[in-house]
Amino acid sequence: SPAAPSAASAPAAVEPGLTVGEALRNPRFLFMAVAFFCVSGAITGALVSLVPLLVSYGYAPVRAAELAGVVGLAVIAGRLLVGYLVDRVWAPAVGAVFLGLPVAALAALASGDVGPYLSMGAFILIGLAVGAEVDLNAFLTSRYFGLRSFGRLYAIQYMAIGAGAAAAGPLFGHVYDITGSYAMALWGAAALLLAFGPSLLVLGR
């Protein structure tokens, strides 16, 4: 009888999931890209403006940098917490919380009356969201669209995140140049987070 095919010659199993073409026609995939573009822009714009924002409120540059230093620790905490929670809790709900909490932080910073403790608390919430967004997107991409084309699909999603981040910094600076304040940019960022953070819940099961 003919010899059985070796493991090396056997066809590779196809992972379940969507092809790139199928994903690009999928409303949930496109919605995720738009949502994370807006969320990334809102968070990154606020993040890169934290020190100049406090300086514009009268803080010494060194003191502003010291307060903003908590963001790094919050980013690490955000990554660890999101990684722990999405294995145990419905991931869109985790995203809605982590990406929705900075709304209060941005509103507080936009008000202009910010003491050091309020600033630090706001920075922690922003840092948690920064730590959450990329890992959360990777998890959602794998769960909703499968592993068949995961590398390419996540690359598309990451491009949306990167594009939002790249656009936000100059936009915040432009708003400051026009108005002499970061308030309008912060309120706009808060509106984007309020619209697109909790809206991850519409992804469904």
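Quick caveat: nothing in here was measured; it's all calculated off a predicted structure. In what follows, residues are counted from 1 in the order of the sequence shown.
- In this structure a side-chain-to-backbone donor-acceptor pair under 3.5 Å is missing from Tyr182 to Gly173.
- Side-chain heavy atoms closer than 4.5 Å link hydrophobic residues (I, L, V, M, F, W, Y) into clusters, and following such links, even through other members, never connects Phe123 to Ile76.
- One finds the OH atom of Tyr144 at 8.5 Å from the CZ atom of Arg205 (value rounded to the nearest 0.5 Å).
- For the salt bridge (Lys or Arg N to Asp or Glu O under 4.0 Å) condition, the pairs that include at least one residue of residues 125-138, sequence neighbours left out, are Arg79-Asp135.
- When all heavy atoms of Leu136 and Ala91 are compared, the closest pair comes out as CD1-O, 3.8 Å.
- Note: the hydrophobic cluster containing Leu194 also contains Ile126 (ILVMFWY, side chain heavy atoms under 4.5 Å, direct or indirect links).
- When all heavy atoms of Ala33 and Ala160 are compared, the closest pair comes out as O-CB, 3.5 Å.
- The CG atom of Leu192 sits 12.0 Å away from atom CG of Leu99, with the distance rounded to the nearest 0.5 Å.
- Within the structure, salt bridge (Lys or Arg N to Asp or Glu O under 4.0 Å) contacts touching residues 94-111 (residues at least two apart or in different chains) do not occur.
- To the nearest 0.5 Å, the span separating CG on Leu125 from CG on Leu106 amounts to 9.0 Å.
- Atoms OG and CD1, from Ser149 and Ile156 in turn, are 9.0 Å apart once rounded to the nearest 0.5 Å.
- Met159 and Phe36 are not part of a single hydrophobic cluster, where members link through side-chain heavy atoms under 4.5 Å apart.
- When all heavy atoms of Ala189 and Phe172 are compared, the pair lying nearest together is CB-CZ, 3.9 Å.
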Decide side chain to side chain contact (heavy atoms under 4.5 Å, CB included) for Leu50 and Val71; before the verdict, give the C-alpha distance in whole Å, the side-chain angles of both, and the deciding distance to 0.1 Å.
CA-CA 10 Å; Leu50 292 181; Val71 172; 3.7 Å; yes
Leu24 and Val20: side chain to side chain contact (heavy atoms under 4.5 Å, CB included), yes or no, with the steps?
CA-CA 6 Å; Leu24 292 176; Val20 173; 3.9 Å; yes
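- Taking every heavy atom of both residues into account, Met120 and Leu67 meet most closely at CE-CD2, 3.6 Å.
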Would Leu81 and Phe98 satisfy side chain to side chain contact (heavy atoms under 4.5 Å, CB included), going step by step from the backbone distance to the final call?
CA-CA 10 Å; Leu81 284 170; Phe98 274 80; 3.8 Å; yes
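- Annotation: cation-pi pair Arg152/Phe150 absent, no NZ/CZ under 6.0 Å from the ring centroid and within 45° of its normal.
- When hydrophobic clusters are built by joining Ile, Leu, Val, Met, Phe, Trp and Tyr residues whose side-chain heavy atoms come closer than 4.5 Å, directly or via intermediates, Val62 is not grouped with Tyr117.
- For Ser111 (side chain) and Ala108 (main-chain N/O), a donor-acceptor pair under 3.5 Å exists by modelled atom type.
- Taken to the nearest 0.5 Å, the OG atom of Ser40 stands 10.0 Å off from the CG atom of Leu193.
- Contacts of Thr141 classified as side chain to side chain donor-acceptor pair (under 3.5 Å), with partners at least two apart in sequence or in another chain: Asn137.
- Judged by distance alone, with hydrogens and angles left aside, the side-chain atoms of Thr44 form no donor-acceptor pair with the main-chain N or O of Ala165 at under 3.5 Å.
- Applying the ring pair (Phe, Tyr, Trp, His ring centres under 6.0 Å) rule to Phe145 yields the partners Phe29; only residues at least two apart in sequence or on another chain are considered.
- Residues passing the side chain to side chain donor-acceptor pair (under 3.5 Å) test with Arg148: none are found, sequence neighbours excluded.
- A salt bridge (Lys or Arg N to Asp or Glu O under 4.0 Å) check over residues 61-74, counting only residues at least two apart or in different chains, returns the pairs Arg63-Glu66.
- Side-chain atoms of Tyr57 come within 3.5 Å of backbone N or O of Leu109 as a donor-acceptor pair.
- Taking CG from Leu200 and CE from Met32, the interatomic distance works out to 7.5 Å, rounded to the nearest 0.5 Å.
- Closest non-hydrogen pair, Ala23 versus Leu18, comes out as CA-CD1, 4.0 Å.
- Counting all heavy atoms, side chain and backbone alike, Val51 lies closest to Ala65 at CG2-CA, 4.1 Å.
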